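Remember, it's 1-based here, ligands and their atoms both numbered in the order they're listed. Side chains included, hydrogens not; waters and symmetry mates left out as well; all remaining heavy atoms used. Owing to the predicted nature of the structure, the values given are computational and were not obtained by experimental measurement. This chain uses plain numbering: 1 for the first residue, then up along the sequence.
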Amino acid sequence: MHKTALIFGISGQDGAYLAQLLIKKGYTVHGTSRDAEINNFSSLIALGIKDEIFLHSVSLTDFRSTLQIIEKVAPHEIYNLAGQSSVGLSFEQPVETLESIATATINILESMRFLGNDFHFYNASSSECFGDTGNSPANEDTPFNPKSPYGVAKASAYWQVANYRESYGLFACSGILFNHESYLRPQRFVTQKICKAAASIALGSNELLNLGDTTIKRDWGWAPEFVQAMWKMLQQKDPEDFVISTGILSGLDEFINCAFSALDLNWKEHVISNPKFFRPSEIKSGYGSPKKANNLLDWYAKKSMPEVAKLMALKQFEVLKKVSK
Ligand code: NAP
């Protein structure tokens, strides 16, 4: 059967990789941005797929706008990858963060309920819902204890999805994804900041990279692999939530070391941890168990942190070198 997918937030890192995957699988892909007229869709252009996608302007905090696009496209699968996605920024924009995540999700669920079609819906949840996982990896039964406005908003959206699934029998599920990175990660995220600084120093800059707390630990994977898990979740017979992660915990200082070492640099000469950039509340340690996804989705993370950091640093070097010529 020929399938149509609607991706909210197609201009982002995951939206672009998911669109690429679905096009390869033969889907007709529609995607939304808050303003498709002014967005340059650089990630879709970088992947060479912009012209193969139907693009629309949609505000997910506006019920009419949400309902209209779902009715018009009549997709088999709906992926919500839109919303304010920075934990750091969520402390500065708590209301925008909550509305762009929680109000948006309820608008999609209500639209699905109202239209009544047999949509399959994927909600982009986050490991930030768990807060600190300590010394054991979080799984689908681990209680939530979010530590940021972003985590609180994601937890709210997660429960909305679970509630609509149970109350109205919708095919709706959440992927609780741990950090995943790529060349398309926006510059404001710490991993991309590190790789860009390493590349620019390797090309002769004498800048000093100021970061927040470099002792934090995370579970970092590769975004193009993580979007495959999203698709697999919507091909299941029944909707279920899944933790998607590599299962490996690494320090931010180890990420920095891998990125700088890939360019033959000693990070300790170029990076400082500056308390000015510490967050009001920080997760010390966060990692997840991908066992359920391994067993039921046959999904495995192939790339882990050292390779991810190296690939991103080398790419930044290649890009900056071209620009500086
Ligand atoms: P991303 O690159 O930041 O893309 C998110 C998209 O959402 C943006 O391209 C933007 O599209 C839209 N957006 C940004 N701010 C918004 C706002 N205030 N209101 C409404 N829309 C806004 O994020 P991503 O890395 O692809 O992540 C996709 C989803 O997965 C997000 O919901 C994110 O929170 C979640 N997630 C990501 C990770 C990760 O490690 N990457 C981990 C767990 C969960 P337009 O500007 O075109 O409207």
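Considering both main-chain and side-chain atoms, Ser85 comes within under 3.5 Å of ligand 1 through a nitrogen or oxygen pair. Remark: ligand 1 and Gln13 share an N or O pair separated by less than 3.5 Å (distance only, no angle test). Looking at Ser125 next to ligand 1, no N or O pair under 3.5 Å apart turns up. Where the criterion is an N or O separation shorter than 3.5 Å, residue side chain and backbone included, Ser11 meets it with respect to ligand 1. Checking only distances, Ala124 never comes within under 3.5 Å of ligand 1, N or O to N or O. Considering backbone and side-chain atoms together, Asn80 places no N or O closer than 3.5 Å to any N or O of ligand 1. Among the atoms of Pro186, none of the N or O lies under 3.5 angstrom from an N or O of ligand 1. Between Lys154 and ligand 1, at least one pair of N/O atoms sits closer than 3.5 Å.
Using a cut-off of 4.0 Å between Lys/Arg side-chain N and Asp/Glu carboxylate O, Arg113 and Glu110 are scored as salt-bridged. The pair Lys310-Glu307 fails the salt-bridge criterion, with no side-chain N (NZ, NE, NH1 or NH2) lying under 4.0 Å from an Asp/Glu carboxylate O. Between Arg64 and Glu71, none of the side-chain N atoms (NZ, or NE/NH1/NH2) sits under 4.0 Å from a carboxylate O, so this pair counts as no salt bridge. Checked for salt-bridge contact, Asp241 and Arg165 meet the test: a charged N lies under 4.0 Å from a carboxylate O. Look at Glu77 and Lys3 and you find a salt bridge, because one of the NZ, NE, NH1 or NH2 atoms lies within 4.0 Å of a carboxylate O, short of that distance.
Taking the ring centre of Phe242 as origin, the terminal cationic atom of Lys292 falls inside the region bounded by 6.0 Å and 45° from the ring axis. Judged by the 6.0 Å and 45° rule, Lys302 forms no cation-pi pair with Trp222.
The shell of residues lying under 4.0 angstrom from ligand 1, judged by heavy atoms, excludes Glu128. Heavy-atom separations between Tyr150 and ligand 1 include at least one value shorter than 4.0 Å.
Which parts of ligand 1 touch Glu96 is read off a 4.0 Å heavy-atom cut-off, strictly below it: atoms 17 (C), 18 (N), 19 (N). Close contacts of ligand 1 with Ser126, meaning ligand atoms under 4.0 Å from a residue heavy atom, involve 43 (C), 44 (C).
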